[in-house]
Amino acid sequence: MNQTPEQAARDKIDSQLNACGWMIQNKENINIHAGLGIAVREYQTSVGPADYVLFVEGKPAGVIEAKRAEEGYKLSVHEDQAEDYAESKLKYLDNEPLPFVYVGTGNVTMLTDFRDPKPRAREVFSFHRPETIRDWLKKQKSLRGSLLDLPALPVGGLRECQINAINNLEHSFKDNRPRALIQMATGAGKTYTAITFIYRLLKYTQAKRILFMVDIRNLGEQAEQEFMRFQPNDDNHKFTELYGVHRLSSRYIPGDNQVYIGTVQRLYSILKGRDLDESEEEQNPHERWQPKEMPEVEYNDKLPPEYFDFIVIDECHRSIYNLWAQVLDYFDAFQVGLTATPDQRTFAYFKQNIVSEYSHEIAVADGVNVGHDVYLIETEITKNGATLWKGAYVERRERLSRRKRLELQDEDEAYTAQQLDRDIVNPNQIRTVIRTFKGRLPLMFPDRYDKNGEFEVPKTLIFAKTDSHAEDIVGIVREEFCEENRFCKKITYKAEEDPKSVLSQFRNDYHPRVAVTVDMIATGTDVKPLECLLFMRDVKSRNYFEQMKGRGTRAIDFDDLKKVSPAARAAKDHFVIVDAVGVTQSLKTDSRPLEKKPGVPLKDLLAAVAVGARDEELFTSLACRLARLDKQITEKEREKFEAKTGGKDIHRVVKDLLNAFDPDVLEGLREEAERETKGASLEKTEEVFGNKQEKLQDEAASVFTGELNEYIENVRRVHEQKIDLLNPDALVSADWAKDNKEKAGDTVKAFREWIETHRDEFVALQIFYAQPYRRRELTFRMIKDIVERIMEDKPVLAPLSVWRAFAQLESVSGRPKNELAAMVALIRRASGIDAVLTPYDKTVDANFKRWIFKKHAGAGHKFTAEQMEWLSMLKEQISNSVHVGIDDLDYTPFDAKGGRGRMRQLFGTEMEKLIDELNEVLAG
């Protein structure tokens with residue numbers, strides 16, 4: 001009971017060693033063959049007794065230098081002493097220097113592995129298991145030593161940003177940097193990059209197991225599919241044919257795989273030895289209220305700290321900080337973060353070791369991503385709310401059953417915009433937004449008409465506030481667009497139709513044209529054909545908003561876009577954010593506060609308990625909410641509650657929650673612990689008491705499964721929602737965002753200035769500013785040189801971006817066929833040749849018609865049908881490539897019609913003159 005600090009530290013170290021599978025022996029009773037791993041206290045060396053010497057399979061392998069807890073802040077000063085013991089000769093043995101050197105207090109443990117190229121102490125959660133050290137000793141090199149053997153990266157099939165990220169990351173590994181951050185814009189291929197370097201680590205280094213960690217089950221499922229599709233560029237086999245990939249869905253961890261995919265919630269539950277309902281993995285913890293504390297993870301012999309060599313953390317800007325950081329701290333592994341939207345906290349966590357910075361702006365310039373425009377819709381009720389007047393009959397609707405009834409309003413009740421679609425639903429407000437959206441779509445996408453003149457709705461994703469809100473939106477979208485069920489579908493975890501199947505249809509098929517979601521595809525989901533995002537919910541987290549915007553930013557080529565949107569005229573070059581709630585203008589924060597505040601959603605309290613949170617404030621808050629609920633629900637609903645808890649009624653559940661932190665109950669547990677550990681150390685008594693308290697808390701929390709939590713949430717909502725059918729809504733405004741037009745003006749001005757500055761540098765620009773007859777000298781290469789140079793100098797002045805800027809400032813009909821055609825039209829507009837921006841193919845078509853009309857006027861020669869076919873092909877060539885030459889006649893489409901030989905037969909000696917004339921006239 002009166003231990004010295006040194007003795008207390010050694011007791012803790014003994015307990016840790018036992019947990020890790022080591023047998024502890026005194027030097028007087030040594031039997032180094034009694035087990036695989038033996039830790040001998042006070043073993044004599046040539047420089048004095050070592051606190052512990054570690055034997056594995058009867059051979060010395062390492063030492064432990066034990067220090068009292070107060071020394072934890074200066075353990076580095078004791079490294080030399082520990083190293084001296086490791087390098088000394090053990091009594092009776094002619095040993096080589098021992099490679100594994102630990103310095104610890106029982107609270108902090110540091111390891112230096114002297115097999116590493118540059119041995120450096122690192123903090124570890126606990127001591128490594130004897131089996132681990134045995135396996136390490138059998139290898140010629142340590143993991144860190146083997147990282148130096150990574151060969152040059154084969155770059156086939158990789159983008160430049162991916163090549164840079166992997167090369168820089170591997171250099172970081174070789175420098176033994178424990179954490180690294182890959183910042184890569186949405187759509188740039190973060191997961192593909194990760195699988196590529198994971199493959200190389202497994203193939204070329206001593207890495208045995210790698211964890212790919214996510215925070216939403218949906219992201220884990222997507223990652224699993226990516227691993228299954230991946231084929232290395234240096235092997236003919238799929239990744240999953242070479243290495244085992246397992247997605248964690250229970251406490252069971254098979255030992256025969258190399259890659260494991262799991263949520264941070266799942267990893268926490270495994271370390272705590274608890275089951276976790278899959279429903280608790282549907283929303284990332286960062287977006288929920290979080291308790292002030294969660295029970296600390298403890299050593300788990302089924303998942304020891306050294307189980308993973310590397311951890312790849314997807315969407316690392318969220319969910320790994322504060323309460324959840326302990327999951328990562330547990331493992332002795334390199335950590336690699338992946339995100340498109342890091343914040344200051346992300347940079348700090350990864351120790352400012354940023355191995356890749358590939359921003360959205362650069363990705364847009366590279367054609368990996370596309371930019372966006374913002375269109376604002378504002379309605380009266382969206383802005384100001386409305387009032388339910390006393391004396392009116394107001395419809396009430398149960399959220400779960402959607403059953404309705406009328407009730408007399410007994411007082412005036414004003415509601416705010418923030419209450420919309422939660423406490424009060426106004427279908428007229430939803431309808432006004434959707435009707436306006438439908439009416440303005442042709443303005444946003446003016447060329448999206450099919451061959452029959454019918455407007456084709458671009459693939460659109462609507463963000464709703466809740467599942468119930470999403471249901472209302474789906475019905476109104478179908479009505480307002482006069483469409484069938486398959487036109488608009490809900491994609492949420494609670495949708496009756498398989499959400500994965502609907503998501504696949506949305507991504508790959510013509511229908512649905514519109515999808516409505518809450519959180520399921522708000523982040524990390526790839527839907528390349530998506531061209532429009534309609535926000536009907538506000539978002540306060542800056543990072544979450546950026547992730548939601550990222551659903552629209554992925555580029556897709558023309559052929560693939562036409563497979564799902566046949567009316568598309570060109571490749572996707574931008575997307576439109578339709579803001580119906582002010583989300584683009586509302587104040588955003590970097591992260592959510594962690595302290596409890598009044599009004600924390602009940603579903604967040606339930607979720608926190610389900611994933612393992614155990615603090616007193618959480619339990620008492622939840623107990624209070626359930627006690628309140630008990631007074632509101634019916635007897636039949638109480639029976640359902642009891643059935644879902646295995647026989648416990650609400651009163652019993654509330655009492656268990658309160659007893660878990662009741663001082664009198666806890667005092668009784670302490671007395672039990674003292675009786676059971678009579679004569680033992682204070683630490684042992686505290687350990688037994690802690691175990692009893694944890695058991696009491698776990699029993700109280702055990703009823704809160706996904707099924708019960710969903711029932712509580714739904715039954716609570718039954719009594720809350722009113723339907724306002726009395727107040728019609730009115731459109732206040734609908735237009736492009738003001739800053740859109742300002743940015744467009746800046747872009748057009750910058751483009752004009754660039755053209756003016758470089759007009760003497762490029763032959764093509766000199767031609768445009770010269771006499772009209774010189775335009776016949778223009779060539780494809782001349783225009784391409786300008787495009788390449790402007791993309792290099794100012795990526796924001798990419799031709800299609802400048803085109804969209806002009807389109808917001810003046811009337812522009814149609815879109816260019818390609819970047820070169822766009823550049824020609826833009827130069828014509830900037831140089832004053834055209835009064836308004838006109839697609840170059842339309843200019844060529846108009847000039848061609850005038851030229852033919854002149855040729856056919858009067859009684860002169862008329863072109864034959866075959867000659868007209870050839871002239872049309874020449875016109876198309878000029879339209880697409882700016883210029884047509886004699887050599888072009890040897891290629892498609894001319895070669896199929898007989899090439900230059902046939903044209904000479906048709907036009908005789910006038911052929912060359914005719915081609916020159918067309919180049920001049922059509923470019924006029």
Side-chain angles (χ1 to χ4, degrees), residues 1-30 37-55 60-88 90-91 98-114 119-130 133 293 295-299 304-306 325-326 329-330 332 673-674 677 679-691:
M1 298 295 289
N2 298 313
Q3 286 184 307
T4 65
E6 288 79 4
Q7 290 170 327
R10 293 192 184 206
D11 279 353
K12 287 186 177 180
I13 290 172
D14 286 353
S15 177
Q16 290 173 350
L17 286 168
N18 282 326
C20 298
W22 294 87
M23 295 179 63
I24 301 172
Q25 297 177 355
N26 294 319
K27 61 182 180 180
E28 297 84 9
N29 305 106
I30 295 178
I38 306 296
V40 181
R41 299 189 188 101
E42 301 293 335
Y43 194 103
Q44 191 65 40
T45 76
S46 57
V47 295
D51 291 335
Y52 297 83
V53 173
L54 303 177
F55 289 82
V63 298
I64 300 173
E65 177 65 16
K67 296 297 176 185
R68 58 182 179 163
E70 291 80 359
E71 298 282 308
Y73 74 98
K74 58 176 184 178
L75 286 184
S76 63
V77 304
H78 302 294
E79 290 170 356
D80 289 343
Q81 180 185 4
E83 186 177 345
D84 287 343
Y85 289 131
E87 292 180 344
S88 68
L90 301 182
K91 191 173 182 179
L98 307 183
F100 304 108
V101 178
Y102 294 92
V103 181
T105 65
N107 297 321
V108 179
T109 305
M110 305 296 293
L111 165 68
T112 304
D113 183 348
F114 282 90
R120 182 196 306 159
R122 66 181 188 268
E123 186 173 351
V124 291
F125 185 84
S126 188
F127 302 99
H128 297 90
R129 298 184 66 79
I133 291 182
E293 62 183 41
E296 293 182 358
V297 297
E298 299 164 353
Y299 186 87
E306 64 266 30
Q326 58 178 317
D329 291 342
Y330 176 83
D332 179 25
E674 289 173 351
T677 59
S681 66
L682 179 60
E683 285 77 8
K684 183 63 178 176
T685 301
E686 287 297 321
E687 180 185 345
V688 172
F689 169 67
N691 290 339

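All heavy atoms count here, side chains included; hydrogens, waters and symmetry mates do not. Computed from a prediction, not measured in an experiment: that's the story for all the values here.
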Quiz item: Roughly how far, to the nearest 0.5 Å, is the CD1 atom of Ile38 from the CH2 atom of Trp22?
Solution: 8.5 Å
Quiz item: Are side-chain heavy atoms of Lys67 and Val108 found at a separation under 4.5 Å?
Solution: no
Quiz item: Which pair of heavy atoms, one from Ala39 and one from Leu17, lies closest together, and at what distance?
Solution: CB-CD1, 4.0 Å
Quiz prompt | Side-chain heavy atoms of Phe125 within contact of Thr109, under 4.5 Å | solution = no
Practice problem: Could you tell me the separation between the CD1 atom of Ile24 and the CD1 atom of Ile13, rounded to the nearest 0.5 Å? | Solution: 9.5 Å
Self-check item: Point-to-point distance, once rounded to the nearest 0.5 Å, from CD of Glu71 to OG of Ser76
Solution: 11.0 Å
Practice problem: Hey, can you tell me if Phe127 and Tyr102 have their rings parallel, tilted or perpendicular (30° and 60° cut-offs)? | Solution: perpendicular
Practice problem: Using a 4.5 Å cut-off on heavy atoms from C-beta on, say whether the side chain of Phe100 contacts that of Leu54. | Solution: no
Exercise. Hey, could you give me the CE/CG distance between Met110 and Leu75, rounded to the nearest 0.5 Å?
Key: 7.0 Å
Quiz prompt | Gap separating the OG1 atom of Thr112 from the CD atom of Glu79, nearest 0.5 angstrom | solution = 5.0 Å
Self-check item: Interatomic distance, Glu6 atom CD to Glu70 atom CD [nearest 0.5 angstrom]
Solution: 8.0 Å
Self-check item: Qualifying residue, where the test is salt bridge (Lys or Arg N to Asp or Glu O under 4.0 Å) with Asp51 and the options are Arg10, Arg41, Lys27
Solution: Arg10
Quiz prompt | Shortest non-hydrogen contact between Cys20 and Ser126, atoms and distance | solution = SG-OG, 3.3 Å
Quiz item: Looking at Thr105 and Ala69, what are the two nearest heavy atoms and their distance?
Solution: CB-CA, 3.9 Å
Quiz item: Is Asp113 salt-bridged to Arg122, cutoff N-O under 4.0 Å?
Solution: no
Self-check item: Minimum-distance pair of heavy atoms, taken over all atoms of Glu42 and Pro49
Solution: OE1-CB, 3.6 Å
Self-check item: Short side-chain to backbone donor-acceptor contact, Gln7 and Thr4, under 3.5 Å
Solution: yes
Quiz item: Where the side chain of Glu683 meets the backbone of Ala8, is there a donor-acceptor pair that is under 3.5 Å apart?
Solution: no
Quiz prompt | Verdict with reasoning, Tyr43 to Ile30, per side chain to side chain contact (heavy atoms under 4.5 Å, CB included) | solution = CA-CA 10 Å; Tyr43 194 103; Ile30 295 178; 3.7 Å; yes
Practice problem: Side-chain contact test, heavy atoms from C-beta onward, threshold under 4.5 Å: evaluate it for Tyr299 versus Pro305 and give yes or no. | Solution: yes
Quiz item: What's the shortest heavy-atom distance between Ala82 and Val101, and which atoms?
Solution: CB-CG1, 3.4 Å
Practice problem: Please check if the side chain of Ser15 supplies one atom and the backbone of Lys12 the other of a donor-acceptor pair under 3.5 Å. | Solution: no
Quiz item: Hey, does Asp14 have a side-chain heavy atom less than 4.5 Å from the side chain of Tyr52?
Solution: yes
Exercise. Work out which heavy atom in Arg68 is nearest to a heavy atom in Pro5; give both atom names and the distance.
Key: CB-CB, 3.8 Å
